[in-house]
*Asks:* 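Sharing a structure here in structure tokens format.
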Amino acid sequence: MKLTGIELRRVALPLVSPFRTSFGVERDRDVLLVRAVTGDAEGWGECVAAAEPRYSSEYADGAADVLRRFLVPAVAAAGDLDPDAARQAMAFVKGHRMAKAALELAVLDAWLRAAGRSLAAHLGATRDRVPAGVSVGIHDSVPELLDAVAGYLDQGYLRIKLKIEPGWDLEPVAAVRERFGADLPLQVDANAAYTLADAGHLAGLDQFGLLLIEQPLAEDDLAGHAELARRLATPVCLDESITSARSAVDAVAMGACRIVNVKAGRVGGYLEARRLHDACRPLGVPLWCGGMLETGLGRAANVALAALPGFTLPGDTSASDRYYRQDLTAPFVLEDGHLAVPRGPGIGVEPLGDVLEELTTSVAWIPA
Ligand code: SMG
Ligand code: MG
């Protein structure tokens, strides 16, 4: 496959409601899209880096810069292109996993479209629909949170994740349990807002029968997570700390987590996410697919990943209308609490041309 060029496109989408986490409030999604144009087909990748480096060190302008200056020229120089050649060509760049993942996905999508094969089939998906969970942000009050959760449960979501932070943890969790009962699959995500000194306080969550607590401590504090895990009955799950298949296996081996949130962008691509899956599955580590407020393009790829057999817990793979009034693709809709896995070639969805143009804030074309 011969690369003709790469388009870097920025798109701005307003969220249906502000999404507050322990690290800040998101009101709009400023998305960097990568389009790979080849002699055979075109492919799309979505970069999950946010506008500001609050969730992790990457941010959209930084990703665009490293793509334009280093990653795209390296991939363009690779000659005969396939996803593995693209990965190898990008390997000399340290870090920048979200930027690499976006370019890898664009190449992978083009390559699979040229071959008439779906991403789901290529990754090894074994299901044609995946159970949908929803991530519920920090609210101004418990009654407002309960209304939001009730609305999502009415829509059919099968699992609720509550964002927590110091000052917004035991009380909202207790209230959700009290209102919706002990059988509701419920978990929490702290986005690294606590320290080991909070272990006693966090043990207060044990009474609520949570599926897991996600990333309570700092990204680089694996030893702290291992110590915390010994002091909690609630299983610890890692998100921000897991940057590769190897780091997932190591984190499990040292007892820092029992469950892994898989985000392809965070580990450098869907192919590394599959390696993580293949490494963790024999260890019996439950996996689930995380979310980064993706548009329909990134969501399509996430749903394909979530259909692999090791993804045994519902993901943060929600329907389009949980995020956007108008998605970039035909909307993903909840059917009986599930999203259908796209079956068409590549990621199986395309941007809606007029919507894409309307929401685009800038475009740059980089010839190969
Ligand atoms: O895509 O539904 C989604 C968001 C899920 O909570 C979510 N993501 O730490 O897991 C996480 C956060 C990271 C993004 S917050 C803007
Ligand atoms: Mg998380």
Side-chain angles (χ1 to χ4, degrees), residues 13-31 46-60 97-98 130-139 145 148-149 152 155 157-165 168 186-194 210-219 225 235-243 248 251 257 259-267 273 287-303 305-306 313-324 327-328 331-332 334 339:
L13 291 91
L15 288 165
V16 291
S17 53
F19 184 50
R20 182 169 154 211
T21 66
S22 64
F23 59 81
V25 187
E26 310 273 326
R27 292 192 167 79
D28 310 273
R29 192 75 179 88
D30 170 5
V31 190
E46 175 170 342
C47 182
V48 299
E52 297 181 3
R54 294 176 180 271
Y55 163 83
S56 72
S57 63
E58 288 191 76
Y59 61 104
R97 292 180 182 84
M98 294 175 178
V130 298
V134 60
S135 176
V136 187
I138 294 166
H139 280 65
L145 173 72
V149 172
Y152 289 129
Q155 291 169 48
Y157 284 102
L158 298 171
R159 177 279 268 156
I160 298 290
K161 160 167 139 180
L162 302 181
K163 290 291 193 179
I164 58 168
E165 67 180 1
W168 181 263
L186 182 64
Q187 62 194 54
V188 295
D189 184 2
N191 289 107
Y194 296 88
L210 301 177
L211 288 168
L212 57 91
I213 177 169
E214 181 179 344
Q215 197 70 41
L217 310 180
E219 180 181 326
H225 279 104
V236 172
C237 168
L238 289 176
D239 172 359
E240 285 89 328
S241 296
I242 305 300
T243 55
C257 67
I259 300 173
V260 175
N261 167 329
V262 185
K263 290 177 181 167
R266 203 193 56 228
V267 300
L287 305 176
W288 56 282
C289 184
M292 292 293 285
L293 309 174
E294 285 88 348
T295 74
L297 294 170
R299 187 160 315 285
N302 283 349
V303 169
L305 180 67
L313 291 170
D316 285 344
T317 42
S318 308
S320 292
D321 67 0
R322 181 256 173 263
Y323 310 95
Y324 307 113
D327 205 336
L328 287 184
F332 279 82
L334 215 54
L339 294 188

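Positions are given from 1, in the same order as the sequence printed here. Atoms within a ligand are numbered from 1 in the order they appear, just like the ligands themselves. The structure presented is a predicted model; accordingly, all values stated were derived computationally and were not measured. Atom set for the values below is all heavy atoms of this structure, side chains included, hydrogens, waters and symmetry mates excluded.
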*Asks:* Relative to Phe19, does Arg322 satisfy both conditions: NZ or CZ under 6.0 angstrom from the six-membered ring centre, and within 45 degrees of the ring's axis?
*Replies:*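 Yes, a cation-pi geometry.
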
*Asks:* Just which atoms of ligand 1 are under 4.0 Å from any heavy atom in Glu214?
*Replies:*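 Those of ligand 1 that fall under 4.0 Å from Glu214 are 10 (O).
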
*Asks:* If the cut-off is 4.0 Å to any non-hydrogen atom of Tyr55, which atoms of ligand 1 fall inside it?
*Replies:*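 Heavy-atom distances to Tyr55 below 4.0 Å select 9 (O), 13 (C).
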
*Asks:* Establish, yes or no, whether the cationic atom of Arg20 lies under 6.0 Å from the six-membered ring centre of Trp168 and within 45° of the ring axis.
*Replies:*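 Not satisfied by the 6.0 Å and 45° rule.
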
*Asks:* Suppose I only count heavy atoms of Asp189 and a 4.0 Å limit; which atoms of ligand 1 are within that range?
*Replies:*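 Contacts of ligand 1 toward Asp189, numbered from 1: 9 (O), 10 (O), 11 (C).
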
*Asks:* For the residue pair Glu294 and Glu46, what are the closest heavy atoms and their distance?
*Replies:*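 Nearest heavy atoms, Glu294 then Glu46: CA-OE2, 3.2 Å.
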
*Asks:* Can any side-chain N or O of Ser135 pair as donor or acceptor with the backbone N or O of Asp316 at less than 3.5 Å?
*Replies:*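 No.
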
*Asks:* If only atom types and distance count, is the side chain of Gln215 paired as donor or acceptor with the main-chain N or O of Glu240 below 3.5 Å?
*Replies:*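 Yes; at least one donor-acceptor contact below 3.5 Å.
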
*Asks:* Between the side chain of Tyr324 and the main-chain N/O of Leu293, is any donor-acceptor distance below 3.5 Å?
*Replies:*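 Present.
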
*Asks:* Counting only N and O atoms by type, is there a donor-acceptor contact under 3.5 Å from the side chain of Glu165 to the main-chain atoms of Ala193?
*Replies:*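 Side chain of Glu165 to backbone of Ala193: no pair is present.
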
*Asks:* By number and element, which atoms of ligand 1 are closer than 4.0 Å to a non-hydrogen atom of Phe23?
*Replies:*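 Taking each heavy atom of Phe23 in turn, ligand 1 has 15 (S) under 4.0 Å.
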
*Asks:* Examine the proximity of ligand 1 to Asp239 and report which part, side chain or backbone, both or neither, has a heavy atom under 4.0 Å away.
*Replies:*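 Near ligand 1, Asp239 shows its side chain, while the N, CA, C and O stay back.
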
*Asks:* Any idea which part of Thr317 is under 4.0 Å from ligand 1, heavy-atom wise: side chain, backbone, both or neither?
*Replies:*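 Answer for Thr317: neither.
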
*Asks:* Looking only at protein heavy atoms, which one is nearest to atom 12 (C) of ligand 1, and what is the separation?
*Replies:*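 Result for atom 12 (C) of ligand 1: Lys163 NZ, 3.2 Å.
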
*Asks:* Establish, from distance only, whether the side-chain atoms of Asp30 and Tyr59 form a donor-acceptor pair under 3.5 Å.
*Replies:*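 No, Tyr59 and Asp30 have no side-chain donor paired with an acceptor closer than 3.5 Å.
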
*Asks:* For Gln215, state whether at least one heavy atom is located under 4.0 Å from any atom of ligand 1.
*Replies:*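 Gln215 does not count as a contact of ligand 1 under the 4.0 Å cut-off.
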
*Asks:* Just so I know, are the side chains of Asn191 and Asp189 near enough to count as touching, which here means a heavy-atom distance under 4.5 Å?
*Replies:*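 A side-chain contact under 4.5 Å exists here.
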
*Asks:* How far is atom 9 (O) of ligand 1 from its nearest protein heavy atom, and which residue and atom is that?
*Replies:*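 Checked against all protein heavy atoms, atom 9 (O) of ligand 1 sits closest to Asn191 ND2, 2.7 Å.
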
*Asks:* Which protein heavy atom lies closest to atom 1 (O) of ligand 1, and at what distance to 0.1 Å?
*Replies:*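 Going atom by atom, the protein heavy atom closest to atom 1 (O) of ligand 1 ends up being Leu293 N, 2.8 Å.
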
*Asks:* For His225 and Leu238, indicate whether the former's side chain and the latter's backbone hold a donor-acceptor pair under 3.5 Å.
*Replies:*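 No; zero donor-acceptor contacts below 3.5 Å.
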
*Asks:* Just distances here: any N/O of Glu240 and N/O of ligand 1 closer than 3.5 Å?
*Replies:*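 For ligand 1, there is no N or O atom that lies under 3.5 Å from one belonging to Glu240.
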
*Asks:* What protein heavy atom lies closest to atom 14 (C) of ligand 1? Include the residue and the distance to one decimal.
*Replies:*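 Atom 14 (C) of ligand 1 sits closest to the protein heavy atom Met292 SD, 3.8 Å.
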
*Asks:* Check ligand 1 against Lys161 and write out every atom of the ligand that is under 4.0 Å from a heavy-atom position of the residue.
*Replies:*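 Counting atoms of ligand 1 from 1, those under 4.0 Å from Lys161 are 6 (O), 7 (C), 10 (O), 11 (C).
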
*Asks:* Identify the protein heavy atom lying closest to atom 6 (O) of ligand 1, giving its residue, its atom name and the separation to 0.1 Å.
*Replies:*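 Its nearest protein heavy-atom neighbour is Ser135 OG, 2.7 Å.
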
*Asks:* For Thr317, enumerate each residue passing the side-chain hydrogen bond (donor to acceptor under 3.5 Å, both in side chains) test, keeping only those at least two apart in sequence or located in another chain.
*Replies:*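 So Thr317 forms no side-chain hydrogen bond (donor to acceptor under 3.5 Å, both in side chains) with any residue.
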
*Asks:* Just need the protein heavy atom nearest to atom 8 (N) of ligand 1, so name the residue and atom and give the distance.
*Replies:*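 In this structure, atom 8 (N) of ligand 1 has Gly291 O, 3.0 Å as its nearest protein heavy atom.
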
*Asks:* I'd like to know if the side chain of Arg299 reaches the main chain of Ala319, judged simply by a donor and an acceptor atom lying under 3.5 Å from each other, with no hydrogens or angles considered.
*Replies:*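 Pair absent, no side-chain N/O of Arg299 close to backbone of Ala319.
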
*Asks:* Using a strict 4.0 Å cut-off to heavy atoms of Lys263, name the atoms of ligand 1 that fall inside it.
*Replies:*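 Numbered from 1, ligand 1 contributes 9 (O), 10 (O), 11 (C), 12 (C), 13 (C).
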
*Asks:* Please state which protein non-hydrogen atom is closest to atom 3 (C) of ligand 1 and give its distance, to 0.1 Å?
*Replies:*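 It is Tyr323 OH, 3.3 Å.
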
*Asks:* With distance as the sole test, does Arg266 use its side chain to make a donor-acceptor pair with the main-chain N or O of Ser56 at under 3.5 Å?
*Replies:*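 Here the side-chain-to-backbone pair does not exist.
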
*Asks:* Return yes if some donor-acceptor pair links the side-chain N/O of Arg159 with the main-chain N/O of Pro314 below 3.5 Å, else return no.
*Replies:*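 Flag set: sc Arg159 to bb Pro314 pair under 3.5 Å.
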
*Asks:* Which of the protein's N, O or S atoms come within less than 2.8 Å of the Mg ion (ligand 2), not counting waters?
*Replies:*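 Correct list: Asp189 OD2, Glu214 OE2, Asp239 OD2.
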
